[in-house]
Amino acid sequence: MKLDSKKIGIVGAGLIGSGWAAFFASHGYAVSLYDIDESAKQAAATRTKTFLAFLRDHGLLSAEEHELAVERVAVADDLADAVAGAYLVQESVAERYDVKKDIFRQIDRAADPSTIVASSSSGLLISELQSVMDHPGRSLIAHPFNPPHLIPLVELVPGKATSAETMAEAKRFYESLGKVSVILNKEVPGHIANRLQAAVWREAIDLVISGVASVADVDKALAAGPGVRWALLGPHMIFHLGGGAGGIEHFVRHVGTAWNDLWSGMASWESLPPETAAVLSRGVQEEAEGRSLQEIARWRDEKVVQLLKVIYDR
Ligand SMILES: NC(=O)c1ccc[n+]([C@@H]2O[C@H](COP(=O)([O-])OP(=O)(O)OC[C@H]3O[C@@H](n4cnc5c(N)ncnc54)[C@H](O)[C@@H]3O)[C@@H](O)[C@H]2O)c1
């Protein structure tokens with residue numbers, strides 16, 4: 001592995017590629033951004049600057065660090081230029097097997113064999129992506145949560161051909177930049193966090209569609225209740241505490257079993273009901289109470305910065 005190299009290649013410069021660019025540049029890495037779409041490349045350079053300014057404005061970068069970070073971001077002429085000499089390539093193109101496999105093939109040929117190739121994929125299987133590579137041992141999923149320059153989690157997923165060395169090095173690398181990593185023992189569509197989100201969202205949609213509560217109240221119930229604790233601890237530890245002196249064992253035996261009745265009556269559909277988009281769209285408009293998307297996103301990101309300071313001492 002090229003521990004002395006400080007360059008990160010980013011292939012796919014949309015929302016996530018730009019967030020990664022701001023993240024790596026803010027941690028001292030030179031970033032080379034590539035996108036197949038020329039206008040997307042320029043938009044990504046602008047978006048990355050906006051993200052870096054946000055980090056400076058919220059005390060996460062000093063004025064001097066911000067200036068250096070901006071200078072570290074370059075737009076590459078082509079894919080080979082982006083990945084040449086890179087320590088790691090963060091693939092962030094569209095979430096489709098055909099697109100990603102084509103890109104994996106190109107990165108594999110253009111990059112030094114020791115370069116780590118990490119995919120941002122939210123749910124695809126890395127074994128399928130790495131099947132087109134001559135050097136698949138250096139590839140893995142490194143799935144961020146949006147926005148990557150703020151949210152700590154990165155999910156690291158090995159494929160059938162990923163080497164133990166690659167997994168250990170990726171964990172060391174992302175954690176050295178302050179990321180909180182989890183490692184999956186085996187790959188599964190959606191990794192961990194999106195499967196959990198999908199399970200909760202199905203029930204949230206069902207509660208609205210079946211008339212139990214409004215979109216705003218379902219959102220409020222989650223955010224003001226479990227969500228506050230979930231920012232600190234996951235469900236297993238929460239219920240371990242909920243079991244009192246007997247811990248999780250007591251909870252499972254005496255409290256958890258009452259939930260069997262709940263589970264038997266909960267949503268189990270496997271594709272979104274046709275009315276979902278229309279119902280949720282009306283609901284979130286009411287919930288927004290006249291605030292624009294930009295206003296809500298800015299409020300969320302400012303609160304996230306405050307939370308990170310409290311929880312992770314950033
Ligand atoms: N949006 C999220 O919340 C989120 C969160 C975590 C991970 N991800 C993952 O990150 C990846 C990118 O998602 P996004 O939301 O940034 O999408 P996006 O549509 O904003 O960006 C994708 C970019 O890839 C480019 N692209 C497409 N084909 C290409 C090719 N052949 N070569 C080079 N560039 C190409 C597009 O021009 C576009 O700019 C996906 O795998 C997605 O699952 C997304």
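Just so it is clear, the values below take in all heavy atoms, side chains as well, and ignore hydrogens, waters and symmetry mates. Predicted, not measured: the structure shown is a model, and the values here were computed from it.
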Check this for me: [X], atom [atom1], are more than 12 non-hydrogen atoms of other residues, nucleotides or ligands nearer than 6.0 Å?
{"X": "Leu262", "atom1": "CG", "value": "yes"}
{"X": "Arg253", "atom1": "CZ", "value": "no"}
{"X": "Glu175", "atom1": "CD", "value": "yes"}
{"X": "Asn260", "atom1": "CG", "value": "yes"}
{"X": "Lys49", "atom1": "NZ", "value": "no"}
{"X": "Lys309", "atom1": "NZ", "value": "yes"}

I'd like to know if the side chain of [X] and the backbone of [Y] have a donor-acceptor N/O pair within less than 3.5 Å.
{"X": "Glu203", "Y": "Met266", "result": "no"}
{"X": "Gln90", "Y": "Ala142", "result": "yes"}
{"X": "Thr162", "Y": "Gly159", "result": "yes"}
{"X": "Lys100", "Y": "Val93", "result": "yes"}
{"X": "Arg195", "Y": "Val188", "result": "no"}
{"X": "Ser120", "Y": "Glu91", "result": "yes"}
{"X": "Arg72", "Y": "Ala25", "result": "yes"}
{"X": "Arg229", "Y": "Pro226", "result": "no"}
{"X": "Glu95", "Y": "Gly123", "result": "yes"}
{"X": "Ser139", "Y": "Val117", "result": "no"}

Would you indicate whether the side-chain heavy atoms of [Y] and [X] approach each other to under 4.5 Å?
{"X": "Val83", "Y": "Asp112", "answer": "no"}
{"X": "Phe239", "Y": "Val252", "answer": "no"}
{"X": "Val305", "Y": "Phe54", "answer": "yes"}
{"X": "Ser119", "Y": "Phe104", "answer": "yes"}
{"X": "Ile103", "Y": "Ile36", "answer": "no"}
{"X": "Leu241", "Y": "Leu233", "answer": "yes"}
{"X": "Val31", "Y": "Trp20", "answer": "no"}
{"X": "Phe51", "Y": "Leu150", "answer": "no"}

Give the cluster check for [X] versus [Y]: same hydrophobic cluster or not, with ILVMFWY residues linked at side-chain heavy-atom distances below 4.5 Å.
{"X": "Val228", "Y": "Leu232", "result": "no"}
{"X": "Met237", "Y": "Val180", "result": "yes"}
{"X": "Leu196", "Y": "Leu207", "result": "no"}
{"X": "Ile116", "Y": "Phe23", "result": "yes"}
{"X": "Val284", "Y": "Val208", "result": "yes"}

Residue of the set [options] for which side-chain contact (heavy atoms from CB on, under 4.5 Å) holds with [X]:
{"X": "Lys220", "options": "Asp217, Leu222, Val218", "answer": "Asp217"}
{"X": "Thr115", "options": "Arg138, His135, Lys7", "answer": "Arg138"}
{"X": "Val182", "options": "Val154, Leu153, Leu156, Val157", "answer": "Leu153"}

Let me confirm one number: the [atom1]-[atom2] distance from [X] to [Y], rounded to the nearest 0.5 Å.
{"X": "Leu140", "Y": "Ile126", "atom1": "CG", "atom2": "CD1", "answer": "6.5 Å"}
{"X": "Leu280", "Y": "Glu275", "atom1": "CG", "atom2": "CD", "answer": "9.5 Å"}
{"X": "Asp301", "Y": "His149", "atom1": "CG", "atom2": "NE2", "answer": "6.5 Å"}
{"X": "Gln42", "Y": "Asp35", "atom1": "CD", "atom2": "CG", "answer": "10.5 Å"}
{"X": "Ile205", "Y": "Trp269", "atom1": "CD1", "atom2": "CH2", "answer": "4.0 Å"}
{"X": "Ser122", "Y": "Gln197", "atom1": "OG", "atom2": "CD", "answer": "9.5 Å"}

Just by distance, no angles: are the side chains of Ser127 and Glu187 close enough, under 3.5 Å, to form a donor-acceptor pair? yes

Heavy atoms only: give me the nearest [X]-[Y] pair and the separation to one decimal.
{"X": "Phe24", "Y": "Ile10", "result": "CD1-CD1, 4.1 Å"}
{"X": "Pro152", "Y": "Tyr312", "result": "CG-CE1, 3.8 Å"}
{"X": "Arg291", "Y": "Ile296", "result": "CB-CG1, 3.9 Å"}
{"X": "Ala21", "Y": "Val73", "result": "O-CG2, 4.5 Å"}
{"X": "Gln130", "Y": "Ala161", "result": "OE1-N, 2.8 Å"}
{"X": "Ala44", "Y": "Ala13", "result": "CB-O, 3.2 Å"}

I'd like to know whether Arg47 forms a side chain to side chain contact (heavy atoms under 4.5 Å, CB included) with Leu15, so could you lay out the CA-CA distance, the side-chain angles of the two residues, the decisive distance to 0.1 Å, and finally the verdict. CA-CA 8 Å; Arg47 203 183 297 116; Leu15 184 67; 4.2 Å; yes

Would you say the rings of Phe173 and Tyr29 are close, in the sense that their centroids are separated by under 6.0 Å? yes

Side chain to side chain contact (heavy atoms under 4.5 Å, CB included) between Asp108 and Val132: does it pass, once the steps are laid out? CA-CA 9 Å; Asp108 191 45; Val132 300; over 6 Å; no

Chi angles and distances behind the side chain to side chain contact (heavy atoms under 4.5 Å, CB included) call for Leu55, His58: CA-CA 5 Å; Leu55 296 178; His58 291 80; over 6 Å; no

Leu52 vs Ser26, test: side chain to side chain contact (heavy atoms under 4.5 Å, CB included). Steps then yes/no. CA-CA 7 Å; Leu52 288 171; Ser26 69; 4.1 Å; yes

Less than 4.0 angstrom from a charged side-chain N to a carboxylate O is my criterion; do Arg298 and Glu302 meet it? yes

Parallel, tilted or perpendicular: which fits the ring planes of Phe251 and Trp259, with parallel below 30° and perpendicular above 60°? perpendicular

